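Some notes on the structure that comes next.
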Amino acid sequence: MAKTKFQALRGTRDILSPDSERHRALVDVFAEEARLAGYGHIMSPIFEELGVFQRLGDSTDVVSKEMYAFEDRDGSMIALRPELTASVVRAFVQHNPAALPWKAWYEGPQFRHEKPQAGRYRQFSQVGIEVLGSDDPHIDVEVVALGWRFYQALGMSQVSLLLNSLGDASCRPAYHAALETYLRDHFDDLSEQSQATLEKNPLRVLDSKRREDAGIIAGAPLMVDHLSAETAEHFAAVRAGLEALGIPYEISPRLVRGLDYYTRTTFEFASTALDNAQNAVGGGGRYDGLAESLGGKPTPGIGFALGVDRILLACDAEEAFPAPRTAPDVFVVDLTGGAEAILLTDILRRAGIAADRGFDGRSMKAQMKVADRSGAPWAVIVGEDEVANATVTLRDMHGESGQTSVARDALAATLNTRLHPEN
RNA sequence: GUGGCUGUAGCUCAGUCCGGUAGAGCGCCGCGUUGUGGUCGCGGUGGUCGCGGGUUCAAAUCCCGUCAGUCACCCCA
């Protein structure tokens, strides 16, 4: 019979130790930044009604061709979340919190059916925040700054912040028309793909990376030159806040972003340490119309999502945020056949000491080798002599203190003192 | 989704052009005499050469398909 060897599906992968510990540590750093800034944690479902995500815009690839959508058993259409903003806004509308602004942070996997590449997976992880119920530009500043400080907390230095304003209902339509007129005037000079994009969403033509489009895009009218007085003032306040914090940014007038719901402030964090096309390590912006489109009261909102997988790639590239060490505190080498180690590791673990041990009745030499490889700073050796005396031999694996005999009853206390001399 | 490149031991890779029956380093296991790791020495384990089909006396090597990775576009985190 045929032997089927399974493997993780395309675009998905197993994250094994110590990379998984690193991933968790990154989320811990983010959680702390969010806590310090007054954000509560939200855990929303991984799948939702398809309609929740269709509000992101029909012209976006995320909705039109990358969604994992399928029919549930009762015939209703559901989808694996391709992003989290829509889910969080849906939760906001559903629970209708009274105290505004409402601030939430999240982390977790998301799903998009794309052709995978390094830093681009079908199941990928993001951390992010959303704030609903205020359009105070100081919120924009807080949100962008939180992202910036997070990268700093990870030890990253090669991150640049790109900032733009996409205008709002008071000025975007006029700009949109001006841009479309301009692009249509140069229609024949645009690349074939940009011609198609123009039909769907002229704004996104500005995002084209094809060389043949560069000249035309360079001459295109810019949103920042068409902002209404109010929107321009809002944008100025955001910039002033970032400057007050000393956070460097670059105005990127052609920064569009892929989701249709963005208004006014939009931004992207790009790693300059990554030289591939997947150098965006985070992005976000304001979405003042999204809550209403999901059935809620008109409520302004802003947030960002940062790609965990890409951030870790960028960290690799600039040698930041290494995987945490996962070594146990102590490794038990048992020469009696292994039964003693059962008791000793239990005693140690209950005392809060991370203890691993040898198995399979291996030779002392072999067990010492495993102990060394484990990285444990201490080894506990127990053989017939020790059992007879109710002692164990405590060996310093790295330092100079050598070996000492310790009463078995005093082992946990002795080790705790050695591991935490300051206490 | 479109196009290019790649796929050989756990890992990094050589061998592929010019078909002839699989290699290195690292890792892993064991030994270097009485219960001691990290260095060193010796020995060993380990691959249906991604998978399937075809050509051939013979295929890791040529051809086709397929899966996966990767790069660019697209898109985006």
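Numbered from 1 within each chain, the chains take letters A, B, ... in sequence-line order. Since the model is a prediction, treat every value here as computed from it, not as a measurement. These values consider heavy atoms only, across backbone and side chains, with no hydrogens, waters or symmetry-generated copies.
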Base, sugar-phosphate or nothing for [X]? Non-hydrogen atoms, less than 4.0 Å.
X: A:Ile311; value: nothing
X: A:Ala379; value: nothing
X: A:Tyr121; value: base
X: A:Ser208; value: sugar-phosphate
X: A:Glu66; value: sugar-phosphate
X: A:Glu212; value: nothing
X: A:Ala118; value: sugar-phosphate
X: A:Arg362; value: sugar-phosphate
X: A:Gly128; value: nothing

So, [X] versus [Y], ring centres under 6.0 angstrom or not?
X: A:Trp102; Y: A:Phe92; answer: yes
X: A:Phe267; Y: A:Phe269; answer: yes
X: A:Phe150; Y: A:Phe30; answer: yes

Between the side chains of [X] and [Y], does any donor sit under 3.5 Å from an acceptor?
X: A:Ser157; Y: A:Glu318; result: yes
X: A:Ser160; Y: A:Glu250; result: no
X: A:Tyr39; Y: A:Glu142; result: yes
X: A:Ser191; Y: A:Ser194; result: yes
X: A:Thr336; Y: A:Asp334; result: yes

Determine which nucleotide pairs with [N], using a 3.5 Å limit on both distances of a Watson-Crick or G-U wobble pair.
N: B:rU66; value: B:rG50
N: B:rU33; value: none
N: B:rC28; value: B:rG44
N: B:rC75; value: none

(request) From the options B:rC76, B:rC74, B:rG35, select the nucleotide whose nearest atom is closest to the side chain of A:Asp207. (result) B:rC76

(request) Ignoring the backbone of A:Gln7, work out which of B:rG30, B:rC67, B:rC73 is nearest its side chain. (result) B:rC67

Distance between [atom1] atoms of [N] and [M] (Å, rounded):
N: B:rU45; M: B:rA24; atom1: P; value: 12 Å
N: B:rC75; M: B:rG1; atom1: C1'; value: 11 Å
N: B:rC71; M: B:rG52; atom1: P; value: 28 Å
N: B:rG3; M: B:rU8; atom1: C1'; value: 27 Å
N: B:rC26; M: B:rU66; atom1: P; value: 41 Å
N: B:rU39; M: B:rC29; atom1: P; value: 13 Å
N: B:rC73; M: B:rC57; atom1: C1'; value: 47 Å
N: B:rG37; M: B:rG19; atom1: C1'; value: 49 Å

Return the value, rounded to whole Å, for the distance between atom [atom1] of [X] and atom [atom2] of [N].
X: A:Glu384; N: B:rG35; atom1: CD; atom2: C1'; value: 10 Å
X: A:Gln367; N: B:rG37; atom1: CD; atom2: P; value: 12 Å
X: A:Leu313; N: B:rC71; atom1: CG; atom2: C1'; value: 14 Å
X: A:His113; N: B:rC75; atom1: NE2; atom2: C1'; value: 14 Å
X: A:Asp360; N: B:rG30; atom1: CG; atom2: P; value: 10 Å
X: A:Glu114; N: B:rU70; atom1: CD; atom2: P; value: 13 Å
X: A:Arg122; N: B:rG69; atom1: CZ; atom2: P; value: 8 Å
X: A:Asp213; N: B:rC73; atom1: CG; atom2: C1'; value: 11 Å

Are [X] and [Y] ion-paired here, with the side-chain N under 4.0 Å from a carboxylate O?
X: A:Arg22; Y: A:Asp316; value: yes
X: A:Arg24; Y: A:Glu21; value: no
X: A:Asp135; Y: A:Arg286; value: no

(request) Starting from the 5' end of RNA chain B, give me the residue, A:Val370 or A:Gln126, whose nearest nucleotide shows up first. (result) A:Val370

(request) Could you pick out which residue, A:Gly11 or A:Leu335, lies toward the 5' side of RNA chain B when each is mapped onto its nearest nucleotide? (result) A:Leu335

Go through the N and O atoms of the side chain of [X] and the base of [N], and report whether any donor-acceptor pair is under 3.5 Å.
X: A:Lys115; N: B:rG69; result: no
X: A:Arg112; N: B:rC75; result: no
X: A:Arg204; N: B:rC74; result: no
X: A:Gln278; N: B:rA72; result: no
X: A:Gln403; N: B:rU36; result: yes

Taking only side-chain nitrogens and oxygens of [X], does any of them come within less than 4.0 Å of OP1 or OP2 of [N]?
X: A:Arg120; N: B:rC71; answer: no
X: A:Arg10; N: B:rC67; answer: no
X: A:Lys365; N: B:rG37; answer: yes
X: A:Arg373; N: B:rG27; answer: no
X: A:Thr197; N: B:rC74; answer: no

Please produce a list of atom pairs where a protein N or O lies less than 3.5 Å from an N or O of nucleotides 41-45 of chain B.
none

